[in-house]
Every structure is written in C-alpha cells, then in structure tokens.
Participant: 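What follows is a structure written as structure tokens; I'll ask about it next.
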Amino acid sequence: MIAFVSGTVAALAPDTAVVEVGGVGMAVRCTPDTLSTLRVGRAARLATSLVVREDSLTLYGFADDDERQTFELLQTASGVGPRLAQAVLAVHRPDALRRAVATADEKALTAVPGIGRKGAQKLLLELKDRLGEPVGAAAVGHPPDAAPAPWSEQLRAALVGLGYSAREAEEAIAAVTPAAESAAADGAAPKVPQLLRAALRTLNRTR
C-alpha cells in the first residue's frame, strides 16, 4: 500500500493533483477541499489510499491520515465505493461526518450527491459503530493564498466533478457569490471549501 506521497505539485486538475516523486508524476484523485490547499510548484505531502480494480489502479489523496482512514471506513458500508466515499468527504470533514452519524442527521448525508433519503438511513445504521465518536478536532486552516483565482472557476469545476450539470453549477455559484464578494470586500480571499459546502446546501434544497 502507498501510505503517502511527498513531492512537488506538477499539475492540478478539477479532481486530480500530479505530484512529482523521484522523477515520476503520481496522479492522485483528491477532493476540492484538499486540492484548494495545493499550488503548482510547491511541495506537498498527501496521505493516500490505493484502490485496486481488475482494470485500474487509482490513488486517492487526502489532507491527513484521519481523512484517509475515514475514506477507507466509509467503503466498508454496503454500496459505498471510492467515488461515493470521496464525495462524502468533499461535503463533510471527518469530524462533521462523525457528528452527523452520531446524531442520526439524515439531512447531512443527503447533502452528498448520490445519496438519497433511503441511502442515508442505511448508511446511518451501518456507520454508527464504525466511525467512532466526534473527536472535536479543529478544522485545519488554509493559507491565505491557497485557493487559486478565480474562485468561481474552481467552484464550478468542483461541482461538475461531483456530478452536477453546468446549469446547476452556475445557479449554485450565483447563490454563494454574495458571500464571496463580502469576504473579498473585507480583504479576505474567498475560501473555496466553505463556498463549496454552501453551494451544495443550496443545490440540495432545490432537489
């Protein structure tokens, strides 16, 4: 198993980072939250999980070991593959997910693309004794220059990567634009992970 990769970020795409390790470019699938912390040309260290299929080898990357372990635990639930597990982590940090499961928060799980009401109920039952209790860890802050500009392009790519149509992505971006502009007016760079979560909540309400 490849537990982590460490090297220079060679390229970034909507759902993938290429990290140069010993002269080899390792393609690592990441959530928009993790991608927002990376910059091309900068050093990075990503916890990783290798998913082996008959016709493919896919490396998934995470900001820390907690995210990787949560990703792997999610896949022990029936019907949850790596893509859905990653979609869950795109919406909820590990501790937020633990809180949702501990409090049987169905709504939090249905905010994830691909999880309906029945699926959420099933996951709550299956994950209850697997994820453990919330640990109360503070969210890791991102450096001020972490999110590449413009924020709207990154948000659009993230939403489309999660399975939403271009029209839905545009509507969600329009809904969170006031918050982003307010942050910019205060001299702070809009934080894409926070905007993504707000956009997903907006899309969930319209379904």
Side-chain angles (χ1 to χ4, degrees), residues 1-77 79-94 97 112-115 139-143 145-166 168-169 172-173 189-197 199-200:
M1 177 183 175
I2 302 174
F4 70 90
V5 296
S6 180
T8 302
V9 178
L12 292 171
D15 62 356
T16 305
V18 178
V19 181
E20 185 178 345
V21 182
V24 177
M26 306 284 284
V28 187
R29 289 184 62 93
C30 304
T31 64
D33 200 350
T34 298
L35 287 171
S36 73
T37 69
L38 307 177
R39 295 296 294 272
V40 172
R42 301 263 184 97
R45 184 185 188 280
L46 296 172
T48 56
S49 179
L50 181 63
V51 175
V52 180
R53 294 286 184 265
E54 287 186 5
D55 58 349
S56 66
L57 294 173
T58 307
L59 198 60
Y60 289 82
F62 310 92
D64 53 38
D65 289 335
D66 189 23
E67 280 194 1
R68 179 187 64 196
Q69 290 165 5
T70 303
F71 171 78
E72 292 171 349
L73 282 169
L74 279 166
Q75 292 175 76
T76 64
V80 178
R83 285 183 176 273
L84 183 56
Q86 191 176 55
V88 171
L89 289 172
V91 179
H92 301 295
R93 291 182 184 274
L97 180 61
V112 178
I115 298 181
V140 178
H142 301 305
D145 61 346
W151 64 267
S152 59
E153 288 301 319
Q154 190 181 11
L155 186 57
R156 182 179 295 104
L159 290 167
V160 172
L162 287 171
Y164 289 99
S165 68
E168 289 175 318
I173 290 170
K191 294 183 178 179
V192 174
Q194 292 179 7
L195 292 173
L196 175 61
R197 290 186 176 88
L200 288 169

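We use all heavy atoms of the structure for the numbers below, so side chains are in, but hydrogens, waters and symmetry mates are not. From a predicted model like this one, the values you see are computed outputs, not experimental measurements.
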Participant: Could you measure the distance from the OG1 atom of Thr48 to the CD atom of Glu67? Nearest 0.5 Å is fine.
Facilitator: 13.0 Å

Participant: Search all heavy atoms of Ala44 against all heavy atoms of Val9 and return the closest pair with its distance.
Facilitator: CB-CG2, 3.7 Å

Participant: Work out which heavy atom in Gly25 is nearest to a heavy atom in Val18; give both atom names and the distance.
Facilitator: CA-CG1, 3.9 Å

Participant: How far does CZ of Arg42 sit from OG1 of Thr37, to the nearest 0.5 angstrom?
Facilitator: 11.0 Å

Participant: Do you know the tightest heavy-atom contact between Ala3 and Arg68?
Facilitator: O-NH1, 2.6 Å

Participant: Identify each donor-acceptor pair in which a side-chain atom of residues 79-90 lies under 3.5 Å from a protein atom, sequence neighbours left out, and give them as a table.
Facilitator:
from  : atom 1 : to    : atom 2 : distance (Å)
Gln86 : NE2    : Arg29 : O      : 3.2

Participant: To the nearest 0.5 Å, what is the distance between OH on Tyr60 and CZ on Phe71?
Facilitator: 5.5 Å

Participant: Going by the side-chain contact (heavy atoms from CB on, under 4.5 Å) test, name the single residue among Leu59, Asp64, Val5 that passes it with Leu46.
Facilitator: Val5

Participant: Quick one: NE2 on His92 to OG1 on Thr70, what's the gap to the nearest 0.5 Å?
Facilitator: 12.5 Å

Participant: Does any non-hydrogen side-chain atom of Leu97 lie less than 4.5 Å from one of Leu74?
Facilitator: yes

Participant: Taking all atoms of both residues into account, what is the closest heavy-atom pair of Pro113 and Leu200, and its distance?
Facilitator: CG-CD2, 4.3 Å

Participant: Write down the atom of Ala11, the atom of Val40, and the distance for their closest heavy-atom approach.
Facilitator: CA-CG2, 4.1 Å

Participant: Check Ala17 against Leu12 and note the closest heavy-atom contact, atom names and distance.
Facilitator: CB-CD2, 3.7 Å

Participant: Between Arg93 and Asp66, does a salt bridge (Lys or Arg N to Asp or Glu O under 4.0 Å) hold up when you go through it step by step?
Facilitator: CA-CA 9 Å; Arg93 291 182 184 274; Asp66 189 23; over 6 Å; no

Participant: For Leu196 and Asp33, what are the C-alpha separation, side-chain angles and deciding distance, and is it a side chain to side chain contact (heavy atoms under 4.5 Å, CB included)?
Facilitator: CA-CA 8 Å; Leu196 175 61; Asp33 200 350; over 6 Å; no

